[in-house]
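A short write-up of the structure that comes next.
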There are 2 protein chains.
Amino acid sequence: MFKASTTEEKIKEAAKSVFLSKGFSGCTSREIAKEAGMNVALVNYYFRSKNQLFLIIYQTVMHDFMLSMMEVFSTELSLKEKVSLLIDREYEFLTKHPEIPTFVLNEMARNKDAELQIHETLNNFAQTGVFVEAANAQMSGEMRQVDMVSLTMIIMANCQHPFMARLLTQQLHGMTDAQYDMQIIKHKEIIKSMILNYLFPKKSTNE
Amino acid sequence: MFKASTTEEKIKEAAKSVFLSKGFSGCTSREIAKEAGMNVALVNYYFRSKNQLFLIIYQTVMHDFMLSMMEVFSTELSLKEKVSLLIDREYEFLTKHPEIPTFVLNEMARNKDAELQIHETLNNFAQTGVFVEAANAQMSGEMRQVDMVSLTMIIMANCQHPFMARLLTQQLHGMTDAQYDMQIIKHKEIIKSMILNYLFPKKSTNE
DNA sequence: ATTTGTTTTAAACAAGCGTTTAAAATCTTT
DNA sequence: AAAGATTTTAAACGCTTGTTTAAAACAAAT
């Protein structure tokens, strides 16, 4: 695997790695410079300050994060298939980047009134038309009457939380890393059927 | 409401409040002292160091957190009723202490190989006999065949995540604090029926 | 009232922080 | 090869960090 060539990319890579694992308050400028294999001053020569560098990293991470949740909505599948595919993609993404949800939520909490907003990604979300699609599916009776907020919460919770609470759950059940990796694969199928059974119940009595 | 009387309790209260909202790396000793209305030296006079004080706070918080998840298991209810009551209690607890899950998971990640373990609480968990109870319920066909790890994960995810991802979800859907508070009340009932429907499905064809 | 012990404070400590400066090293252009 | 511009470094800046010291304020006991 080829690593970054330019100095600027080296810094970004190092910063992303360190920020993701320790958070903004949990690391130092010198730690990032060391990870990038260079002087502290050079980091600031390219990015002016720790905070400026952080903002750039945060934006790219946030963008990837939101994109992973949204690209499914642009497909031509049925709503039920979309939900199923969304869960698959989320687990795939979070297996590669398990620290991202914790990182995003922590930094949003640290920087409440500041520039860590998500307006553009939010607009893209609305433009996919998935809201209208869900409303129609509920009207026709295909889908259970669940508001979009709770729908979002259910999917996010059951996808993200297993990766966020990994340490606690492993300790709680005395599991090794490998065991937990396998558990996650099993768990994905469980929550998928739980969610789909709930959202798209089989008609029982009438019709 | 009466506040703490002794100096030691004042420090503990202040430390708990600051640690919970900002985490260990996100706050300073002087900030805790200020919150307690006193000098920095006095905090160290009672607790020797920032880390020592933190460990005491972490233990009490962790204890409360685990207790909130476990006390339901000691009741004499059926397994289905236990799950239902557990969700109620979790939402009740997390409404009062919404920062605790994030705090616990963050500090576990920061202090991986260190003294933030949970062995005693873990033993109590096994002693409630809920594992045996679940195994029996699965054998008799009363409960779906879901391993205890996934069962734990499902409940934790759907209870804790709405409180952990509050800021993100509010921004995503443009909700006020009051709106989100109401959403949580609605959401609790939704995930309760989703989880119970899944774990204890109504027999359809045979019998 | 004076002594003794405890609690609280102001001030200082070395170390580490984010950031800047100025000089060295390297690359570009002529 | 020399000059100029760019990249990288070592060293320092002032400030904040966690922690300690020594003295002040207070309480209790003789």
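So you know, we letter chains A, B, ... as the sequences are listed, proteins then strands, and number each from 1.
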Atom pair distance, as rounded to whole Å: [atom1] in [X] and [atom2] in [N]:
{"X": "A:R48", "N": "C:dT19", "atom1": "CZ", "atom2": "C1'", "answer": "11 Å"}
{"X": "B:E8", "N": "C:dT8", "atom1": "CD", "atom2": "C1'", "answer": "15 Å"}
{"X": "A:I32", "N": "C:dT19", "atom1": "CD1", "atom2": "C1'", "answer": "14 Å"}
{"X": "B:E31", "N": "D:dT16", "atom1": "CD", "atom2": "P", "answer": "14 Å"}
{"X": "B:N39", "N": "D:dA24", "atom1": "CG", "atom2": "P", "answer": "15 Å"}
{"X": "B:N51", "N": "D:dT19", "atom1": "CG", "atom2": "C1'", "answer": "13 Å"}
{"X": "B:N44", "N": "D:dT20", "atom1": "CG", "atom2": "P", "answer": "7 Å"}
{"X": "B:Y46", "N": "D:dG18", "atom1": "OH", "atom2": "P", "answer": "21 Å"}

(request) Check whether the side chains of B:E81 and B:S84 place a donor and an acceptor atom closer than 3.5 Å, and report yes or no. (result) no
(message) Between A:S193 and A:I190 (side chain of the first, backbone of the second, donor and acceptor by atom type, cut-off under 3.5 Å), is there such a pair?
(response) yes
(request) Look only at the side chain of A:N111 and the backbone of A:E107, and say whether a donor-acceptor pair between them is shorter than 3.5 Å. (result) no
(message) On DNA chain C, compare the nucleotides closest to B:A41 and A:T28; which residue's is nearer the 5' end?
(response) B:A41
(message) When you measure from the side-chain N and O atoms of A:S29 to the phosphate of C:dC17, is any distance below 4.0 Å, counting only OP1 and OP2?
(response) no
(message) Which nucleotide wins on minimum distance to the side chain of B:L42, given the candidates D:dT9, C:dT8, D:dG18?
(response) C:dT8
(request) Please figure out whether A:R30 or A:Y45 has its closest DNA chain D nucleotide nearer the 5' end. (result) A:Y45
(request) Would you indicate whether A:K192, at its atom NZ, is surrounded by more than 12 heavy atoms from other residues, nucleotides or ligands within a distance under 6.0 Å? (result) yes
